[in-house]
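Before any comments, here is the structure.
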Amino acid sequence: MYQSETRRPRQFQNHREMIGDRSDIETGIVGLGNIGQYHAERLVDLGVTLAGGMDVAAEARTRFARRYDVDVYDDHQELYDTVDAVIITTPNKYHEEYAVDAFERDLHVLLEKPLGHSIESAERIAEAANASDGYAMVGFNNRFANTVRIVKNRIERGDLGDVSHVEANYVRRRGIPGRGSWFTRRQIAGGGALIDLGVHAIDLALYLLGYPEVEAVNGVTRSEFGSREEYAYLDMWADDAGPAGFDVDDSASAFIRCAGNRTISLEVAWATNRPATHEFVARGTDSAARFDLLEGDLTFHSASKVGPDHLEDTSIETRQNDTHSDEQREFFDRIIGEEDRGNSVAEALTVQRVIDGIYRSSDEGHTASIDE
């Protein structure tokens, strides 16, 4: 039996005076599939105490318990009795149940993106987070890429001038996660490529712009490949169960208008007949930054009248880093520290409203306003 029957509930959850370093923060994982194990590996590497895990699937619990030698549960409330913090990696539909219960216990929560599977669910999660004494972070791990950190730093120190537009591309040539899996079922995922990949691209674009107020969106979502009987591909994250039940988008195009005439052009896709691209361009009045989100290539583009008129392209080389590890490090260090811990939940809710607006715009055939 992998679940301990004698372990007592934690008595000092979230009392900062009881926490000296990361190893004092007993942490559990809800959702023990691939992404849950991915987080578990990084917890161990960071020296955080992995206290247990929870999953509704017996096979997942058994595999996790054997691999990490920790208690596992089929009831998240029992796990919550034993921990100070949780990382939630379940399918989108179940984020609300697990996150709200954790916030009501004042646990610290790292919630994988998106915030919820629907705007209504996301709003309930945000409300619970705001009422909780636990610290909350949403898993926008791409913010922690070294290339993104360099670009953000240069924007903040004014090197790019006034940044008014971001081109955001997250396009796969063939990359549907697994036809027949929860990713391709709207009832569980809440959408397709837009809510899976677009959530990263939208957050990153808004992050580089300083998260201005979003006013309106105009977009189109498409389902052109996933529903085909003959879907040619080379790799898939899960077994291909065919097109039956595929009821989500596999690509989206959108234009997002923000306060101060700041704008974002968005292209996301699981499947297209074009080369894959993960290119972002942040355009400023003094310089522009162009980078590949996955490959790490980074170039700054500018022009000058010092001497003969000329154009400058400056390439930056840096190390590729493990963004999930750095995200976790930030999460646990902010729990320990006294500094301002930010509010990525509020920003995640803005992203969810943008996604909802794009779906409404596509369905209704016109621009959709974004109500805060």
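Just so you know, these numbers come straight off a predicted model, no measurement behind them.
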Evaluation steps, side chain to side chain donor-acceptor pair (under 3.5 Å), between Asp75 and Tyr80: CA-CA 9 Å; Asp75 182 342; Tyr80 289 2; over 6 Å; no

Derivation and outcome, salt bridge (charged side-chain N to carboxylate O under 4.0 Å, His left out), residues Arg179 and Asp240: CA-CA 5 Å; Arg179 295 195 304 175; Asp240 184 15; 2.9 Å; yes

Full working for side chain to side chain donor-acceptor pair (under 3.5 Å) between Arg222 and Ser253: CA-CA 9 Å; Arg222 307 174 185 86; Ser253 305; 3.1 Å; yes

Salt bridge (charged side-chain N to carboxylate O under 4.0 Å, His left out) evaluation trace for Asp235 with Arg174: CA-CA 8 Å; Asp235 298 294; Arg174 287 295 185 274; over 6 Å; no

Side chain to side chain donor-acceptor pair (under 3.5 Å) between Glu312 and His310, intermediate numbers included: CA-CA 7 Å; Glu312 298 178 356; His310 60 278; 3.0 Å; yes

Residues Asp81, Arg105; criterion salt bridge (charged side-chain N to carboxylate O under 4.0 Å, His left out); working and verdict: CA-CA 9 Å; Asp81 283 339; Arg105 286 173 172 257; 2.9 Å; yes

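The closest side-chain heavy-atom distance from Ile176 to Tyr231 is below 4.5 Å. By the 4.5 Å heavy-atom criterion applied to side chains, Asn146 and Arg319 are counted as neighbours. Looking only at side-chain heavy atoms (C-beta outward), Leu43 and Thr27 come within less than 4.5 Å of each other.
Side-chain contact check for Asp21 and Ser23: at least one donor-acceptor pair (N or O, by modelled atom type) lies under 3.5 Å.
Screening Thr350, Val268, Ile358 for a side chain to side chain contact (heavy atoms under 4.5 Å, CB included) with Ile202, the sole residue that qualifies is Ile358. Between Trp270 and the options Asp250, Asp249, Asp196, a side chain to side chain donor-acceptor pair (under 3.5 Å) holds for only Asp196.
Taking Glu96 as the reference, Arg124 meet the salt bridge (Lys or Arg N to Asp or Glu O under 4.0 Å) condition, with sequence neighbours excluded.
You'll find the ring centres of His39 and His324 inside the 6.0 Å limit.
Other members of the cluster containing Ile35 are Tyr38, with ILVMFWY side chains joined at under 4.5 Å, either directly or via other members.
The CG atom of Asp356 sits 7.0 Å away from atom CD of Glu120, with the distance rounded to the nearest 0.5 Å.
Smallest separation of non-hydrogen atoms from Val70 and Leu50: CG1-O, 3.3 Å. Counting all heavy atoms, side chain and backbone alike, Glu78 lies closest to Thr82 at O-CG2, 3.6 Å.
Relative orientation of the Phe64 and Tyr68 rings is tilted, given thresholds of 30° and 60° on the angle between their planes.
Electrostatic pairing of Arg143 and Glu330 does not count as a salt bridge here, judged by no charged N lying under 4.0 Å from a carboxylate O. Residues Arg329 and Asp326 are paired through a salt bridge, judged by an N-O separation under 4.0 Å between the basic side chain and the carboxylate.
Tyr359 carries Arg186 over the face of its six-membered ring, with the cationic atom under 6.0 Å from the centre and within 45° of the normal. Geometrically, Arg334 does not engage Tyr135 in a cation-pi contact, judged by NZ or CZ lying under 6.0 Å from the ring centre and within 45° of the ring axis.
Note on Tyr233 and Val248: same hydrophobic cluster, where clusters join Ile, Leu, Val, Met, Phe, Trp and Tyr whose side-chain heavy atoms are under 4.5 Å apart, directly or indirectly.
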